[in-house]
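Below, all heavy atoms of this structure are taken into account, side chains as well, without hydrogens, waters or symmetry copies. Below, chains carry the letters A, B, ... as their sequence lines are ordered, and counting in each starts from 1.
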There are 2 protein chains.
Amino acid sequence: MKVTKEQAEQNRLALLEAAAQLFKQHGVDGVGVADICRLAGLTHGALYKHFSDKQDLAAQAFSHAFNVGHARASGAQAGRAPTLERYLRNYLSPRVRDDPADGCPLVATACETGRQGEGLSQSFAAGFLALRDGLAATLATDGPTGDRQALASVYVAALVGAMALSRGVAKADPVLADEVLAQVHAVLGAWPAAATDGE
Amino acid sequence: MKVTKEQAEQNRLALLEAAAQLFKQHGVDGVGVADICRLAGLTHGALYKHFSDKQDLAAQAFSHAFNVGHARASGAQAGRAPTLERYLRNYLSPRVRDDPADGCPLVATACETGRQGEGLSQSFAAGFLALRDGLAATLATDGPTGDRQALASVYVAALVGAMALSRGVAKADPVLADEVLAQVHAVLGAWPAAATDGE
DNA sequence: TGTACATCAGTGAACGCGCGTTCACTGATGTAC
DNA sequence: TGTACATCAGTGAACGCGCGTTCACTGATGTAC
């Protein structure tokens, strides 16, 4: 049965939301399209009216999730740029570690993006650049190499890596998992680059 | 048909090697047990004479791959401890990025370990601790928080994160992928903690 | 050393199941007149 | 505004396929005598 344009667009968004949540929780390879459609309240056939295939859905869901999260994180009060401390708190929280669906898609899909299609890689690269730029703007000084962008790359890498490591060890050693997040938070917040940070 | 004890042990190692290689390339969820057994030169039934299930194989293959790689990286000449620069070169090389089978299992499975069983998480945690200790021993000074272990955690997180990010953007933007590795290499090698490094 | 036989690593057919994708069909929407 | 009808988002059965695991069987190994 046909459906109003507004309803169709709403269904498309529901598919994106459901896909983003499940992909972040279980990985692209760990979720079936039927699960996604069920969570969105549709049957699996409908998916192919909005997306060409699972890879296309993954790429668009990544962009959607990143943009939503980025807007929420960096613009609670519009125009007020977030501080470095705010980035560290958002990224390195144990709550987010234990609930990947709430976290950044950059962390959730970092290791498997290389194994997926080029579309997802493009969304991933755009997300990385946006996060790196956002972080660079919060840094008080240039890094040891006199290159603020390079320093921001290190910060993004450390944030993503710390969360991935924390999640990886969590089942075997929850104490270590918390320790890693706390250590990286403390060190990244205390570097000279952050010393003159306003907050 | 039965087989000599030596042959059986050799087959077990072949399964571990094949599993490590394929898991690193395609992820645990991205490889079938039949593929692993085929690469090891056996049929899929044989696997269950050596490992209780796929999760058990994943956990043991991780430990095997990590120990082999760690020994090779840190002990080419036995007793000679590797320098920080050596760690950076090993971990952040574009060659390893393009051939995950040759790389560290910590990077390859970081993001998906949280979704797998507790056995893999235990192997993963042991690998993380070993790498963190190895790196801590190469650092010339404590970090800004006066805690050398915390600084080593940041280094491991940055190495793992940088490689994951580089692999993620590689398909969409190969130049950016190389840039990230070079930037992280430069910054981590130039921190005060590395300033008095011997090499 | 020679023989009889229990052991068990490896084989390959079979299991039930879920995968991604296709497609003929449905029927409310939205448009042309 | 009222009517006829083309559009197309959504449905659900069906496709071929590969998944992880089980199990009856094979036959060389390795041991007990």
* Asked: Would a distance-only check, ignoring hydrogens and angles, find a side-chain to backbone donor-acceptor pair under 3.5 Å from Thr138(B) to Leu135(B)?
  ->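 Confirmed, Thr138(B) side chain pairs with Leu135(B) backbone.
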Margin query: Testing the 3.5 Å rule here: is there a donor-acceptor pair between the side chains of Gln21(B) and His26(B)?
Written below: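 No donor-acceptor contact under 3.5 Å links the two side chains.
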Which base sits across from [N] as a Watson-Crick or G-U pair, both distances under 3.5 Å?
N	answer
dT26(D)	dA9(C)
dT21(D)	dA14(C)
dC33(D)	dG2(C)

Answer with base, sugar-phosphate or nothing: what part of the nucleic acid does [X] contact at a heavy-atom distance below 4.0 Å?
X	answer
Asp29(A)	nothing
Val3(B)	sugar-phosphate
Gly45(A)	base

| query | Does any N or O donor sit under 3.5 Å from an N or O acceptor when you compare the side chain of Lys49(B) with the base of dG10(C)? | reply |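 Check passes, donor-acceptor contact within cut-off.
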Quick one: [X] [atom1] to [N] [atom2], roughly how many Å, whole number?
X	N	atom1	atom2	result
Gln7(B)	dT11(C)	CD	P	10 Å
Asp35(B)	dG18(D)	CG	P	10 Å
Tyr48(A)	dC15(D)	OH	C1'	13 Å
Ile36(A)	dG20(C)	CD1	P	8 Å
Lys2(A)	dA9(D)	NZ	P	7 Å
Leu47(A)	dC23(C)	CG	P	16 Å
Phe51(A)	dT21(C)	CZ	P	13 Å
Lys5(B)	dT7(C)	NZ	C1'	11 Å

request  = Step by step, work out the side-chain contact (heavy atoms from CB on, under 4.5 Å) result for Phe124(A) and Leu165(B).
outcome  = CA-CA 9 Å; Phe124(A) 184 87; Leu165(B) 289 170; 3.7 Å; yes
What residues form a ring pair (Phe, Tyr, Trp, His ring centres under 6.0 Å) with Phe66(A), not counting sequence neighbours?
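Ring pair (Phe, Tyr, Trp, His ring centres under 6.0 Å) check on Phe66(A) returns His70(A).
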Practice task
Taking only the side-chain nitrogens and oxygens of Lys54(B), find out if one of them lies under 4.0 Å from OP1 or OP2 of dG20(D).
Solution key: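 Yes, such a contact exists.
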Can you tell me if the side-chain N/O atoms of His44(B) get under 4.0 Å from OP1 or OP2 in dC19(D)?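 No, outside the criterion.
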Next on the checklist: Classify the ring geometry of Trp191(B) against Trp191(A): parallel below 30°, tilted from 30° to 60°, perpendicular beyond 60°.
Outcome noted: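 Ring orientation of Trp191(B) relative to Trp191(A): parallel.
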- prompt: Which comes earlier along DNA chain D counting from the 5' end, the contact point of Val33(B) or that of Glu6(B), where each point is its nearest nucleotide?
  reply: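 The residue mapped nearer the 5' terminus is Val33(B).
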